[in-house]
Amino acid sequence: QLIQRKEQNLKDFANILFETLETLVATCIKIDLSIDKLQKEQFIPTKNYEENRLVSGLLQLANHTHIIINETSLGIGNLNHQGVKNLKAISYIIQWQKIEYDFKWHTIDFLVDYPVIIISESKSILQCD
């Protein structure tokens, strides 16, 4: 029961932090990481050549958007190719402040300005300082 209370407190903290930050900055988003979300969602923009359009990704945001990464929902499991790609995209933003646009045969980097806050129960799975 104590473990469940700790997990609930961290989730509540993530929500309170997001709500507070929302009142202080122009734009912010909270990403609750889970194995399912990492494997099913598209985090980076990708070119769809059949429809000849760029499909936006979760991390295609306006500059100065604050990102809260909530790792407390992340369970144990294996990631597929899409999940690994999404984790790398988040890490790339954290380390280099760049996002890759995927054009299938090549990628193009775009500079971004996304302050990132990571909430985790232990050491983050994302490489950060």
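When a residue number appears, it is its place in the shown sequence, counting from 1.
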Item to check | Sub-4.5 Å side-chain heavy-atom contact between Lys85 and Ile44 | outcome: yes
Checklist entry - If we only count heavy atoms from C-beta on, is the Asp109 to Ile99 side-chain gap below 4.5 Å? => result no
Checklist entry - Does Arg53 offer a backbone N or O that forms a donor-acceptor pair with the side chain of Glu51 under 3.5 Å? => result no
Checklist entry - If you measure from the Lys or Arg side-chain nitrogens to the Asp or Glu carboxylate oxygens, is any gap between Asp32 and Lys30 under 4.0 Å? => result yes
Checklist entry - Quick one: do Val84 and Leu126 end up in the same hydrophobic cluster if we chain Ile, Leu, Val, Met, Phe, Trp and Tyr together by side-chain heavy atoms under 4.5 Å apart? => result yes
Checklist entry - Backbone N or O of Glu41 within a donor-acceptor pair of the Gln82 side chain at under 3.5 Å? => result yes
Checklist entry - Are Phe110 and Ile90 linked, directly or through other ILVMFWY residues, by side chains that come within less than 4.5 angstrom of each other? => result yes
Item to check | Atom NE2 of His81: over 12 foreign heavy atoms under 6.0 Å | outcome: no
Checklist entry - Which is it for Thr107 and Tyr101 under the side chain to side chain contact (heavy atoms under 4.5 Å, CB included) test, yes or no, and what are the steps along the way? => result CA-CA 5 Å; Thr107 59; Tyr101 280 49; over 6 Å; no
Next on the checklist: In this structure, would Leu74 and Phe43 fall into the same cluster of hydrophobic residues linked by side-chain contacts under 4.5 Å?
Outcome noted: yes
Next on the checklist: For Asn80, is there any backbone N or O sitting under 3.5 Å from a side-chain donor or acceptor partner on Gln39?
Outcome noted: yes
Next on the checklist: Minimum heavy-atom separation for Ser122 and Ser120, please, with both atom names.
Outcome noted: O-OG, 2.8 Å
Checklist entry - Centre of Tyr49's six-membered ring, under 6.0 Å away, within 45 degrees of the axis: is that where NZ or CZ of Lys47 sits? => result yes
Checklist entry - If we only count heavy atoms from C-beta on, is the Ile67 to Leu59 side-chain gap below 4.5 Å? => result yes
Item to check | Exercise: identify the closest heavy-atom pair between Lys98 and Tyr92 | outcome: O-CD2, 3.3 Å
Next on the checklist: If hydrophobic clusters are built by linking Ile, Leu, Val, Met, Phe, Trp and Tyr wherever their side-chain heavy atoms come under 4.5 Å apart, do Leu24 and Ile16 end up in the same one?
Outcome noted: no
Item to check | Single-linkage hydrophobic cluster Leu58~Leu33, side-chain heavy atoms < 4.5 angstrom | outcome: yes
Checklist entry - Does Tyr114 use its side chain to pair, donor to acceptor, with the backbone of Leu61 at less than 3.5 Å? => result yes
Checklist entry - Any side-chain heavy-atom pair from His66 and Ile117 closer than 4.5 angstrom? => result no
Checklist entry - Below 4.5 Å, heavy atoms only, C-beta onward: do Phe103 and Thr46 meet side chain to side chain? => result no
Checklist entry - Are the side chains of Ile118 and Glu71 in touch, meaning some heavy atoms are under 4.5 Å apart? => result yes
Checklist entry - With a cut-off of 6.0 Å (strictly less than), are more than 12 heavy atoms of other residues, nucleotides or ligands near CG of Asn63? => result yes
Next on the checklist: So Ile119 and Ile69, do their side chains get closer than 4.5 Å, heavy atoms only?
Outcome noted: no
Item to check | Value rounded to 0.5 Å, distance of CG in Leu111 from CH2 in Trp96 | outcome: 12.0 Å
Checklist outcome for this item: dist Thr65:OG1 -> Gln60:CD (nearest 0.5 Å) comes out at 11.0 Å
Next on the checklist: Are Lys88 and Glu100 packed together at the side-chain level, in the sense that at least one heavy-atom pair is separated by less than 4.5 angstrom?
Outcome noted: no
Next on the checklist: Between Asn86 and Leu38 (side chain of the first, backbone of the second, donor and acceptor by atom type, cut-off under 3.5 Å), is there such a pair?
Outcome noted: yes
Next on the checklist: Given 3.5 Å as the limit, does a donor-acceptor pair link the side chain of Asn70 with the main chain of Ala14, or not?
Outcome noted: no
